[in-house]
A.B. asks: 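Encoded as structure tokens, here's the structure I'll be asking about.
Along the sequence shown, residues carry numbers from 1.
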Amino acid sequence: MGLIYGYDIYLRPGNVARALARLAGLAPPGRDVPPLEVTLPGGEPIVLPFTSQFGSGPVNCSAGGTLELDTSLLFDVDEALRAYAQQSGSGPGADGRVRVGYIYVTVRSVSLLHPGYPSVECWAAMSGMSRLFARSAGVRTVFTALAAGSGGCAVCSTPVTAHPSRCAASTVRSSRRRPAVPAFRIGVRW
């Protein structure tokens, strides 16, 4: 198993659809997959430009549980993203953004850290992408903005053997305001 870095976003229960809509706005336009129809807890419908476990059939999560999504996302170029794009042979697009994917997204109606709050967990599919998640200021900015715009808190999750302080602390500091979620932070001080 390779490195696993990701961003966990903890939200109030009513903010999951907003977070997913903002995440969908980061997906590359013109994907060659049919839209994914999802029914969220409470019966709220949303259509996403992602797949769920690499399929496009409707997904019903109205009773809660876990939703698994697969996607690619676009990030504004920085040095780490430029190096990643050159290594992968793609380079930045005409809009100056770099496509990174697959990114796995796990939406939990009950987060692993606090039962009263759902989470949206975005994980890199490969070790090289994991390193990018930890090193890129552009990636941190996107996930921090996604959390702040969804009324949540983003924490960079790292492998057990890694040191989360650099990634997690920079994520929290750049949000500039304390999110309205309970104090269950790991490796982060407010």
A.B. asks: Applying ring pair (Phe, Tyr, Trp, His ring centres under 6.0 Å) as the test, list every pair that has at least one member in residues 28-52; sequence neighbours left out.
C.D. replies: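 Residue pairs with at least one partner in residues 28-52: there are none.
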A.B. asks: If only atom types and distance count, is the side chain of D8 paired as donor or acceptor with the main-chain N or O of V155 below 3.5 Å?
C.D. replies: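 Side chain of D8 to backbone of V155: no pair is present.
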A.B. asks: Please round to the nearest 0.5 Å and tell me the distance separating atom CG of D78 and atom CG of D76.
C.D. replies: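 Going from CG on D78 over to CG on D76, the span is 9.0 Å.
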A.B. asks: Does the gap between the ring centers of F133 and Y5 come in under 6.0 Å?
C.D. replies: no
A.B. asks: Check T71 against A27 and note the closest heavy-atom contact, atom names and distance.
C.D. replies: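 For T71 and A27, the tightest heavy-atom pair comes out as OG1-CB, 4.3 Å.
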A.B. asks: Could you report the tightest heavy-atom contact between V33 and S56, atom names first, then the distance?
C.D. replies: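 Answer, listing the atom of V33 first, then S56: CB-OG, 4.3 Å.
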A.B. asks: Specify the closest pair of heavy atoms between P13 and G116, including all atoms of both residues, with the distance to one decimal.
C.D. replies: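 Smallest interatomic distance, heavy atoms only, reads CG-O, 3.6 Å.
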A.B. asks: E68: what forms a salt bridge (charged side-chain N to carboxylate O under 4.0 Å, His left out) with it, not counting sequence neighbours?
C.D. replies: none
A.B. asks: How far does CD1 of I9 sit from OG of S111, to the nearest 0.5 angstrom?
C.D. replies: 12.5 Å
A.B. asks: Is there a chain of hydrophobic side chains (I, L, V, M, F, W, Y, each step under 4.5 Å between heavy atoms) that links L81 to L73?
C.D. replies: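 L81 and L73: one cluster.
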A.B. asks: Listing request: all ring pair (Phe, Tyr, Trp, His ring centres under 6.0 Å) pairs with a residue in residues 76-101, at least two apart in sequence or in separate chains.
C.D. replies: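 For residues 76-101, and leaving out neighbouring residues, there are no ring pair (Phe, Tyr, Trp, His ring centres under 6.0 Å) pairs at all.
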A.B. asks: About how many Å separate CD of E121 and OG1 of T66, when rounded to the nearest 0.5 Å?
C.D. replies: 8.5 Å
A.B. asks: Distance check, rounded to the nearest 0.5 Å: L48 atom CG versus L67 atom CG?
C.D. replies: 7.5 Å
A.B. asks: Quick check for you: to the nearest 0.5 Å, what is the distance between Y10 atom OH and S119 atom OG?
C.D. replies: 5.5 Å
A.B. asks: What residue pairs, at least two apart or across chains, pass side-chain hydrogen bond (donor to acceptor under 3.5 Å, both in side chains) with a residue in residues 39-53?
C.D. replies: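 Every side-chain hydrogen bond (donor to acceptor under 3.5 Å, both in side chains) pair that includes a residue of residues 39-53, provided the two are not neighbours, is T51-D70.
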A.B. asks: Does L132 offer a backbone N or O that forms a donor-acceptor pair with the side chain of S136 under 3.5 Å?
C.D. replies: no
A.B. asks: List the atom of C153, the atom of A147, and the distance in Å for their closest heavy-atom pair.
C.D. replies: C-CB, 3.9 Å
A.B. asks: Can you tell me how far apart CZ (F75) and OG1 (T141) are? Round to the nearest 0.5 Å.
C.D. replies: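 One finds 10.5 Å between CZ of F75 and OG1 of T141.
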A.B. asks: Check whether R140 reaches the backbone of A134 with its side chain - one donor and one acceptor, N or O, closer than 3.5 Å.
C.D. replies: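 Yes, the answer is positive, given that a donor and an acceptor are paired below the 3.5 Å cut-off.
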A.B. asks: Would you list the atom pairs, donor with acceptor, under 3.5 Å between side chains in residues 89-104 and any protein atom, with sequence neighbours excluded?
C.D. replies:
unit_1, atom_1, unit_2, atom_2, d
S90, OG, S88, OG, 3.2
D95, OD1, R97, N, 3.0
D95, OD2, R97, NE, 2.9
D95, OD2, R97, NH2, 3.2

A.B. asks: Taking all atoms of both residues into account, what is the closest heavy-atom pair of G43 and S62, and its distance?
C.D. replies: N-CB, 4.2 Å
A.B. asks: Would you kindly confirm whether L74 and V77 end up in one hydrophobic cluster when ILVMFWY residues are joined by side chain heavy atoms under 4.5 Å apart?
C.D. replies: no
A.B. asks: Determine, using the 4.5 Å side-chain heavy-atom cutoff (strictly less than), whether L36 and I46 are members of one ILVMFWY cluster.
C.D. replies: yes
A.B. asks: Side-chain polar contacts of residues 15-23 - donor-acceptor pairs under 3.5 angstrom, sequence neighbours left out - could you list them?
C.D. replies:
unit_1, atom_1, unit_2, atom_2, d
N15, OD1, R18, NH2, 3.1
N15, ND2, S150, O, 3.0
R18, NH1, G149, O, 3.4

A.B. asks: What pair of heavy atoms forms the shortest contact from R131 to G128, and how long is it?
C.D. replies: NH1-N, 3.3 Å
A.B. asks: If you define the side chain from C-beta out and look only at heavy atoms, does anything of C122 sit under 4.5 Å from V120?
C.D. replies: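 When only atoms from C-beta onward are counted, V120 and C122 do touch, with a gap below 4.5 Å.
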